[in-house]
Peer 1: 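Take a look at the following structure, please.
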Amino acid sequence: MKTIAVSNGDIQLSNGKIQFVQGGDKLVQDLTRWLEEPLATGWTTPGFGSLLFSMIGTAQNGGTINRVNSEIYRVLQLYQGQQIINLKQAQNSAQLSLWNKNEIIKRIISVNTTLQNNSVVSEVQLETLNNNPINITIAIDNNGVNIQNG
């Protein structure tokens, strides 16, 4: 299912036309929104977002890795659960063909977090329903929470 392309909070245009993303790029864009958004900032979506932002500037120790891993897994599992609900609704309304198998999480392969100087970096590996790997890097530092594809 394609969605509007967004970069740094701005809708992407090309020659005055709105750009769209789908497949693995849509999955990465969605996960970026879920992981970078502070939990409960939207009054209409109090369960949306993550607690990763609250880990900026905190003391880093062995517990930091566990907290970051747990939060990333929590958000990924919530996203995956929401995908299942959306897919069931699409199936019931004969709109399943709008979905792309590369934007559906089949499984979470791993979340590996390391402490690096003043930052925490997590490497996340996912597998889509089309058996394609998706790798994202999550950096938590003084600049906030930043997600990179690949």
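Predicted, not measured: the structure shown is a model, and the values here were computed from it. Keep in mind that the numbers below use all heavy atoms, side chains included, and drop hydrogens, waters and symmetry copies.
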Peer 1: Please give me the minimum heavy-atom distance between Ile105 and Gln80, naming the atom from each residue.
Peer 2: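 In terms of heavy atoms, the two residues are closest at O-NE2, 3.2 Å.
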Peer 1: Could you state whether Val68 and Tyr73 fall into the same hydrophobic cluster, counting links through intermediate Ile, Leu, Val, Met, Phe, Trp or Tyr residues with side-chain heavy atoms under 4.5 angstrom apart?
Peer 2: yes
Peer 1: Checking the side chain of Glu123 only, and the main-chain atoms of Val121 only, is there a donor and an acceptor separated by less than 3.5 Å?
Peer 2: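 Absent.
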Peer 1: Report the residue from Asn132, Asn131, Asp25 that forms a side-chain hydrogen bond (donor to acceptor under 3.5 Å, both in side chains) with Asn102.
Peer 2: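 So the option named by the test is Asn132.
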Peer 1: So which atom in Ile4 and which in Val21 form the shortest heavy-atom distance, rounded to 0.1 Å?
Peer 2: O-CG2, 4.4 Å
Peer 1: Which distance, rounded to the nearest 0.5 Å, do you find between the CD1 of Ile140 and the OG of Ser50?
Peer 2: 7.5 Å
Peer 1: Are Asp141 and Asn146 side-chain neighbours, meaning at least one heavy-atom pair lies under 4.5 Å?
Peer 2: yes
Peer 1: Please report the closest heavy-atom contact between Ile108 and Gln77, naming both atoms and the distance.
Peer 2: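 That closest heavy-atom pairing would be CD1-CG, 4.0 Å.
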Peer 1: Is Gln83 reaching over with its side chain to a backbone N or O of Glu103, donor-acceptor style, under 3.5 angstrom?
Peer 2: yes
Peer 1: State, yes or no, whether a side-chain contact exists between Ile134 and Val28 at a heavy-atom distance under 4.5 Å.
Peer 2: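 Yes, at least one pair of side-chain atoms sits under 4.5 Å.
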Peer 1: Just wondering, more than 12 heavy atoms not from Asn118 lying within 6.0 Å of its CG?
Peer 2: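 Atom CG in Asn118 is not packed in, count stays at 12 or less.
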Peer 1: Checking side-chain polar atoms at under 3.5 Å, does Thr64 have a donor or acceptor matched by the opposite partner on Arg67?
Peer 2: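 There is such a pair between these side chains.
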Peer 1: In this structure, which one of Leu87, Thr128, Asn86 forms a side-chain contact (heavy atoms from CB on, under 4.5 Å) with Ile104?
Peer 2: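 It is Leu87, the one option of Leu87, Thr128, Asn86 that forms the side-chain contact (heavy atoms from CB on, under 4.5 Å) with Ile104.
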Peer 1: Arg33 and side-chain contact (heavy atoms from CB on, under 4.5 Å): which single residue from Leu35, Leu31, Asp30 fits?
Peer 2: Asp30
Peer 1: Without hydrogens or angle criteria, can the side chains of Gln89 and Ser93 be said to hold a donor-acceptor pair below 3.5 Å?
Peer 2: no
Peer 1: Are more than 12 heavy atoms, taken from residues, nucleotides or ligands other than Gln148, located less than 6.0 Å from that residue's CD atom?
Peer 2: no
